Amino acid sequence: MNKIVFATNNPNKLTEVRALIPQWEIISLTDIGCFEDIPETEDTLEGNAQLKADYITKNYGYDCFADDTGLEVAILNGAPGVYSARYAGNQADGEKNIQKLLFNLKNKKNRKAQFRTAIALNIDTKKYLFEGICKGEILSTKKGTSGFGYDPIFKPKGIEKSFAEMNQTEKGIISHRGKAIRKLIEFLNRNK
């Protein structure tokens with residue numbers, strides 16, 4: 001079985017991605033002994049994903065991929081975007097981020113939003129980028145208990161459930177990360 005490092009410390013992302021790529025052994029940062037917090041200092045999702053992938057390749061010598069995901073809300077000019085994980089501050093958790101977003105959208109009719117994932121792949125000394133987008137809207141109240149982050153308030157276009165009301169398989173079929181990962185898988189399967 002082919003092995004590749006997924007440069008994340010997020011156990012939820014790791015579980016989600018392992019379920020999407022069963023034909024590859026996905027190695028975590030813990031598995032390679034990387035316990036550093038890789039700073040995400042770029043101002044784009046693509047830049048942060050590449051920064052993390054480059055860090056692992058340079059310091060640990062592994063082929064790897066890294067992602068960065070943002071929730072982009074139309075009426076907020078794309079915010080929280082690249083700052084989605086720390087929208088309510090550097091020490092904020094998912095609940096605080098949700099509460100800040102709902103507060104900022106109070107009395108707003110336009111609730112259109114999209115989740116966007118950028119994946120940077122470093123393999124065989126080459127670099128590649130993949131993107132996945134899931135369009136939808138922000139709900140006014142939380143629905144569901146699955147998933148993580150903004151999942152309880154994001155309803156994909158044409159679906160009557162929030163991400164948090166879906167199981168992993170349902171979410172993986174339509175999600176931004178699922179779409180980006182499928183592009184990554186197609187590439188890996190064609191080129192390995």
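What you see is a predicted model; the values in this text were computed from it and never measured. No hydrogens, no waters, no symmetry mates; every other heavy atom, side chains included, goes into these values.
- Closest approach of Gly144 to Pro152, counting heavy atoms only: O-CB, 4.2 Å.
- One hydrophobic cluster, built from ILVMFWY side chains closer than 4.5 Å, cannot hold both Phe6 and Ile38; they sit in different ones.
- Linking ILVMFWY side-chain heavy atoms closer than 4.5 Å, directly or via other members, places Leu14 and Phe148 in two distinct hydrophobic clusters.
- The main-chain N or O of Gly132 is never found under 3.5 Å from a side-chain atom of Thr117 such that the two would form a donor-acceptor pair.
- With sequence neighbours excluded, the residues that form a side chain to side chain donor-acceptor pair (under 3.5 Å) with Glu170 are Lys161.
- Inter-residue side-chain proximity for Tyr55 and Tyr60 is flagged as met; some heavy-atom pair is nearer than 4.5 Å.
- Separating the SG atom in Cys134 from the CD1 atom in Ile173 is a distance of 12.0 Å, to the nearest 0.5 Å.
- Considering only heavy atoms from C-beta on, Gln114 stays 4.5 Å or farther from His176 through its side chain.
- A salt bridge links Glu40 to Lys52: one of the charged nitrogens lies within less than 4.0 Å of a carboxylate oxygen.
- No side-chain N or O of Glu36 forms a donor-acceptor pair with one of Asn59 less than 3.5 Å apart.
- When side chains are defined from C-beta on, Ile119 does not count as touching Asp68, because their heavy atoms never get closer than 4.5 Å.
- Within the structure, side chain to side chain donor-acceptor pair (under 3.5 Å) contacts touching residues 100-109 (residues at least two apart or in different chains) are Tyr87-Asn104.
- Under a 3.5 Å cut-off, the side chain of Asp124 and the backbone N or O of Lys126 do not form any donor-acceptor pair.
- Of all the heavy atoms in Ala118 and Ala49, the pair that sits closest is O-CB, 3.6 Å.
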Before giving the answer on side-chain contact (heavy atoms from CB on, under 4.5 Å), spell out for Asn48 and Val82 the whole-Å C-alpha distance, their side-chain angles and the decisive distance to 0.1 Å.
CA-CA 8 Å; Asn48 279 334; Val82 74; 3.3 Å; yes

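- Cluster membership check: Leu121 does not share its hydrophobic cluster with Ile32, using side-chain heavy-atom separations under 4.5 Å among Ile, Leu, Val, Met, Phe, Trp and Tyr.
- In this structure, Arg177 contributes its side chain and Asp67 its backbone to no donor-acceptor pair below 3.5 Å.
- Hydrophobic clustering (side-chain heavy atoms under 4.5 Å, transitive across Ile, Leu, Val, Met, Phe, Trp, Tyr) keeps Leu188 apart from Ile27.
- Between Leu101 and Pro80, the closest heavy-atom pair is CD1-CD, 4.3 Å.
- When side chains are defined from C-beta on, Thr8 does not count as touching Val17, because their heavy atoms never get closer than 4.5 Å.
- Tracing side-chain contacts under 4.5 Å through hydrophobic residues (I, L, V, M, F, W, Y), one reaches Leu184 starting from Ile4; they form part of the same cluster.
- A donor-acceptor pair is defined here as one N or O able to donate and one able to accept, closer than 3.5 Å; such a pair exists between the side chain of Thr57 and the backbone of Tyr62.
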Test side-chain contact (heavy atoms from CB on, under 4.5 Å) applied to Lys142 and Ile98, step by step
CA-CA 9 Å; Lys142 296 192 317 182; Ile98 285 173; 4.0 Å; yes

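- Nearest heavy atom pair, residue Ser146 against residue Asp151, reads O-CB, 4.2 Å.
- At most 12 heavy atoms of other shown residues, nucleotides or ligands fall within 6.0 angstrom of atom NZ in Lys143.
- A donor-acceptor distance shorter than 3.5 angstrom exists from the side chain of Lys179 to the backbone of Ile133, with no hydrogens or angles considered.
- In this structure, a donor-acceptor pair under 3.5 Å is present between the side chains of Asn122 and Asp54.
- Between Lys171 and Glu16 there is a salt bridge, since at least one side-chain N of the basic residue sits less than 4.0 Å from a carboxylate O of the acidic one.
- Using cut-offs of 30° and 60° for the angle between ring planes, the Phe163 and Phe154 rings count as tilted.
- A donor and an acceptor atom, one from each side chain of Glu46 and Gln50, are nowhere located under 3.5 Å apart.
- Of the possible donor and acceptor atoms, one in the side chain of Arg111 sits under 3.5 Å from a partner among the backbone N and O of Ile138.
- Using a 4.5 Å heavy-atom threshold, the side chains of Thr15 and Gln168 count as touching.
- The two residues Ser84 and Gly70 make their nearest non-hydrogen contact at OG-CA, 3.4 Å.
- No side-chain heavy atom of Ile153 sits less than 4.5 Å from a side-chain heavy atom of Ser162.
- Contact record, Ala53 with Cys64: O-SG, 3.4 Å, taken as the closest heavy-atom pair.
- By the side chain to side chain contact (heavy atoms under 4.5 Å, CB included) test, Asn110 pairs with Ala74, Ile75, Lys112, sequence neighbours left out.
- Within 6.0 Å of the CG atom in Asn77, the count of heavy atoms belonging to other residues, nucleotides or ligands does not exceed 12.
- The neighbour count for Lys13 NZ, taken as heavy atoms of other residues, nucleotides or ligands under 6.0 Å away, is above 12.
- For the 3.5 Å distance criterion, the side chains of Arg116 and Thr69 fail to qualify, holding no donor opposite an acceptor.
- Using a 4.5 Å heavy-atom threshold, the side chains of Tyr128 and Phe65 count as separate.
- For Phe35, the CZ atom is densely surrounded, since the number of other residues' heavy atoms within 6.0 Å is greater than 12.
- When side chains are defined from C-beta on, Ile21 counts as touching Ile26, because their heavy atoms get closer than 4.5 Å.
- Remark: Glu95 CD to Asn97 CG distance equals 9.5 Å, nearest 0.5 Å.
- Between Ser140 atom OG and Leu105 atom CG the span is 10.0 Å, to the nearest 0.5 Å.
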